[in-house]
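FYI, side chains are in, hydrogens and waters are out, and symmetry mates aren't considered; it's all heavy atoms of this structure.
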Amino acid sequence: MPDRVFALNGPNLNLLGQRQPEIYGAATLADVERECAALCGELGLALEFRQSNHEGVLVDWVQEARGAAKAIVINPGAFTHTSVALLDALNAFDGPVIEVHISNVHKREDFRRHSYVSLRADGVIAGCGTDGYGLALRRVANLLARP
């Protein structure tokens, strides 16, 4: 049975492809999900891909992952910079956590340079566009393959 990975997406990522394409590109979240699902098939992983604009829902999904997934790939959107609750939930998860940001947050506003999620993440991928999701899944596959 393949290892399950939760790919969780935070606020406004449902607008991917429509919102600020000069920053986030033209791909939609559905495009990203299709690419991730195809890659997971190649990597021998099972994918659970979700998006919510609500912090509590993301916290619930991280808690659900404790019994259902081996790893989490998370693009927390704006909750990156504000959510101690999300950090606390991630700290209760035992598997690898990879944080993804489509834009290079370090080239943007000062407040985007702080991430609560990074305090728990085993890796952070930023500024690689939606390719960052694939990079994160490859990293997860490598981490899960280690003895």
Side-chain angles (χ1 to χ4, degrees), residues 1-40 43 45-141 143-144:
M1 179 170 227
D3 289 332
R4 181 167 300 284
V5 177
F6 275 28
L8 304 178
N9 295 277
N12 298 310
L13 286 158
N14 56 308
L15 299 177
L16 201 57
Q18 303 168 33
R19 175 180 166 249
Q20 296 176 284
E22 69 281 3
I23 295 174
Y24 300 109
T28 67
L29 196 59
D31 295 334
V32 174
E33 181 176 7
R34 278 191 294 280
E35 290 175 12
C36 288
L39 180 58
C40 280
L43 297 172
L45 299 171
L47 179 67
E48 188 72 34
F49 196 93
R50 301 176 181 179
Q51 185 276 330
S52 178
N53 292 321
H54 304 281
E55 181 179 26
V57 172
L58 289 166
V59 168
D60 288 344
W61 289 341
V62 170
Q63 290 179 5
E64 179 186 340
R66 293 181 67 213
K70 296 282 186 173
I72 296 173
V73 170
I74 187 166
N75 182 341
F79 293 138
T80 302
H81 322 292
T82 63
S83 184
V84 174
L86 195 52
L87 170 62
D88 288 347
L90 289 166
N91 280 333
F93 180 76
D94 289 331
V97 173
I98 306 295
E99 179 181 357
V100 174
H101 298 285
I102 295 168
S103 70
N104 182 348
V105 293
H106 302 288
K107 289 179 75 175
R108 298 185 63 197
E109 304 93 340
D110 285 344
F111 74 88
R112 294 188 194 275
R113 295 180 186 145
H114 171 75
S115 170
Y116 284 105
V117 173
S118 291
L119 295 172
R120 167 55 181 90
D122 298 292
V124 179
I125 299 169
C128 295
T130 58
D131 292 342
Y133 287 86
L135 296 170
L137 290 168
R138 289 182 189 284
R139 180 65 178 145
V140 161
L143 290 171
L144 294 178

Mind listing the closest non-hydrogen atom pair of [X] and [Y] along with its distance?
| X | Y | result |
| --- | --- | --- |
| D94 | R120 | C-NH2, 4.1 Å |
| P11 | Q51 | CA-NE2, 4.2 Å |
| S118 | S115 | N-OG, 2.9 Å |
| P2 | A46 | CB-N, 3.9 Å |
| P76 | V117 | CG-CG2, 3.7 Å |
| A7 | L47 | CB-CD1, 3.8 Å |

Could you tell me the separation between the [atom1] atom of [X] and the [atom2] atom of [Y], rounded to the nearest 0.5 Å?
| X | Y | atom1 | atom2 | result |
| --- | --- | --- | --- | --- |
| F79 | H54 | CZ | NE2 | 8.5 Å |
| T82 | L87 | OG1 | CG | 11.5 Å |
| N9 | F49 | CG | CZ | 4.5 Å |
| N104 | I125 | CG | CD1 | 13.0 Å |
| N12 | N75 | CG | CG | 10.5 Å |
| L45 | L39 | CG | CG | 8.0 Å |

Inset, instruction - Please examine the side chains of V140 and L43, heavy atoms only from C-beta on, and report whether any two atoms are closer than 4.5 Å. - result: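 No, too far: nothing below the 4.5 Å cut-off.
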Inset, instruction - Determine, stepwise, if the pair L143 / R139 fulfils side-chain contact (heavy atoms from CB on, under 4.5 Å). - result: CA-CA 6 Å; L143 290 171; R139 180 65 178 145; 3.4 Å; yes
Are the side chain of [X] and the backbone of [Y] linked by a donor-acceptor contact shorter than 3.5 Å?
| X | Y | result |
| --- | --- | --- |
| T80 | G77 | yes |
| H81 | H114 | yes |
| D122 | V97 | yes |
| T28 | D31 | yes |

Inset, instruction - Start with the C-alpha distance between L90 and L119, add both sets of side-chain angles, then the distance that settles side-chain contact (heavy atoms from CB on, under 4.5 Å), and finish with yes or no. - result: CA-CA 10 Å; L90 289 166; L119 295 172; over 6 Å; no
Inset, instruction - Scan side-chain atoms only and decide if T130 and E35 contain a donor-acceptor pair under the 3.5 Å cut-off. - result: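 Looking only at side-chain atoms, E35 and T130 do not form any donor-acceptor pair under 3.5 Å.
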Could you pull out all donor-acceptor pairs under 3.5 Å where a side-chain atom in residues 56-74 meets a protein atom, sequence neighbours excluded?
from	atom 1	to	atom 2	distance (Å)
E64	OE1	R50	NH1	2.9
E64	OE2	R50	NH2	3.0
R66	NE	A92	O	2.8

